[in-house]
Amino acid sequence: MSTTDFSGVDTALANEPLDCLAVAPHPDDAELCCGGLLAALSARGYRVGILDLSRGELASQGTVEQRAGEAEVAAELLGLVHRDNLGLPDGGIDGRDAEQLRLLVSALRALRPELVLAPYERARHPDHEQAAELTRRAVFNAGLRRYEAAQLPAFRPRALLHYEMRVELTAPSFVVDISAHAETKRAAIEAHASQIRADPGAAVATAGGQRVGTLVSSSSTLGLVDARDRRYGAMIGAAHGEPYWSREVLAVDDPLALFRATPGPAALFPGGR
Ligand SMILES: [Zn+2]
């Protein structure tokens, strides 16, 4: 697995373009929200990577060094060929910041991913919403010949898909069957031990007597992720699924071939209506 420190902006082109790059605000978000798809694509032989935007230095638990080590372990488990950290400020990801945009465009032009995954545009954490906006603009600007970024040639990814975080997708464009990769996803999430460890001193921070914390710092994280994946899986007749949303309408060439390849809930309830 190769890594590049983009905080200094690496201007070298990657040897081979990536097939898929997940952009994640913090070092565990990709595992939690699109880890199943990343594992599935890796298993099919695609070149898959994660670009974490920040090092997660504001997290209640774990040091930046611990988190980087955990991210590396998770990357190995998911079969990634690449993982980087853009080094943007945790808590300060800004979709309208010109310098952050230029850094992300540089990374996209260097890694040349065909498919980009990013958070859904509506989220609980401001960093997650800003990451969605920043990625959408970066995917567009990366393709503009006259937009200058690290002297790299223009490159436009083929598609941008958004993954669900805390706020449900209003209408998923599709659900991917990740049943065969649910265990790998779970292991990759568990690799972030500093974030899911039951640590009453840090995890159960309270504000006005109310529990606060992120999804990952909750002791029931794995159960919540499993419940979400099972719910979306049930919608397509699979044990586990992950939903994705595309701003653009997706074209289908042959509806019959599509439906034959994905039998849907009828397979789960044979004879049912
Ligand atoms: Zn996050």
Side-chain angles (χ1 to χ4, degrees), residues 6-7 21-38 49-75 77-78 80 83-95 97 100 103-104 107 116-136 138 160-169 185-186 188-197 199 202-205 207 211-226 228-229 242-245:
F6 277 106
S7 51
L21 176 71
V23 176
H26 309 108
D28 49 24
D29 288 325
E31 287 84 337
L32 285 162
C33 303
C34 59
L37 176 56
L38 298 181
I50 293 177
L51 179 62
D52 298 309
L53 294 181
S54 78
R55 302 185 199 285
E57 64 270 20
L58 290 188
S60 316
Q61 302 170 215
T63 64
V64 164
E65 293 73 26
Q66 265 178 323
R67 300 202 66 179
E70 292 166 353
E72 202 167 316
V73 172
L77 290 166
L78 292 172
L80 305 186
R83 188 165 197 162
D84 282 330
N85 198 300
L86 207 57
L88 303 185
D90 187 3
I93 296 173
D94 185 347
D97 183 281
Q100 294 189 14
L103 275 172
L104 186 49
V116 174
L117 307 177
Y120 184 46
E121 58 188 5
R122 289 178 58 233
R124 168 179 167 273
H125 194 316
D127 270 354
H128 296 177
E129 286 200 355
Q130 293 298 314
E133 171 73 2
L134 186 66
T135 308
R136 194 167 72 82
L160 170 62
L161 293 173
H162 297 271
Y163 52 79
E164 181 174 303
M165 302 200 77
R166 183 73 78 94
V167 177
E168 207 169 63
L169 301 186
K185 175 178 180 175
R186 184 187 174 95
I189 294 170
E190 285 181 315
H192 293 273
S194 72
Q195 304 304 297
I196 61 171
R197 187 184 54 215
D199 183 345
V204 194
R211 255 186 95 107
V212 295
T214 60
L215 173 64
V216 78
S217 68
S218 156
S219 58
S220 57
T221 299
L222 292 165
L224 290 172
V225 172
D226 187 63
R228 185 177 64 188
D229 291 354
E242 280 176 352
Y244 291 90
W245 179 73

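Counting starts at 1 for both ligands and their atoms, following the listed order. What you see is a predicted model, and the numbers here were worked out from it, not measured in a lab. Residue numbers start at 1 and run along the sequence shown.
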- Task: Decide yes or no on side-chain hydrogen bond (donor to acceptor under 3.5 Å, both in side chains) for Glu121 and His162, but give the supporting numbers first.
- Result: CA-CA 8 Å; Glu121 58 188 5; His162 297 271; 6.0 Å; no
- For the pair Arg83 (side chain) and Ala71 (backbone), establish whether a donor and an acceptor sit closer than 3.5 Å, ignoring hydrogens and angles. yes
- Under 2.8 Å from the Zn ion (ligand 1) - protein N/O/S, by chain and number: His26 ND1, Asp29 OD1, Asp29 OD2, His128 NE2
- Task: Would you mind telling me which of Leu103, Val23, Leu88 makes a side chain to side chain contact (heavy atoms under 4.5 Å, CB included) with Leu134?
- Result: Leu88
- Message: Which residue in the set Thr135, Asp90, Ile93 passes side chain to side chain contact (heavy atoms under 4.5 Å, CB included) when paired with Pro25?
- Response: Ile93
- Task: Anything under 30° is parallel, anything over 60° is perpendicular, the rest tilted; go ahead and classify His128 against His26.
- Result: tilted
- Item | Flag, side chain of Asn85 to backbone of Ser54, donor-acceptor distance under 3.5 Å | yes
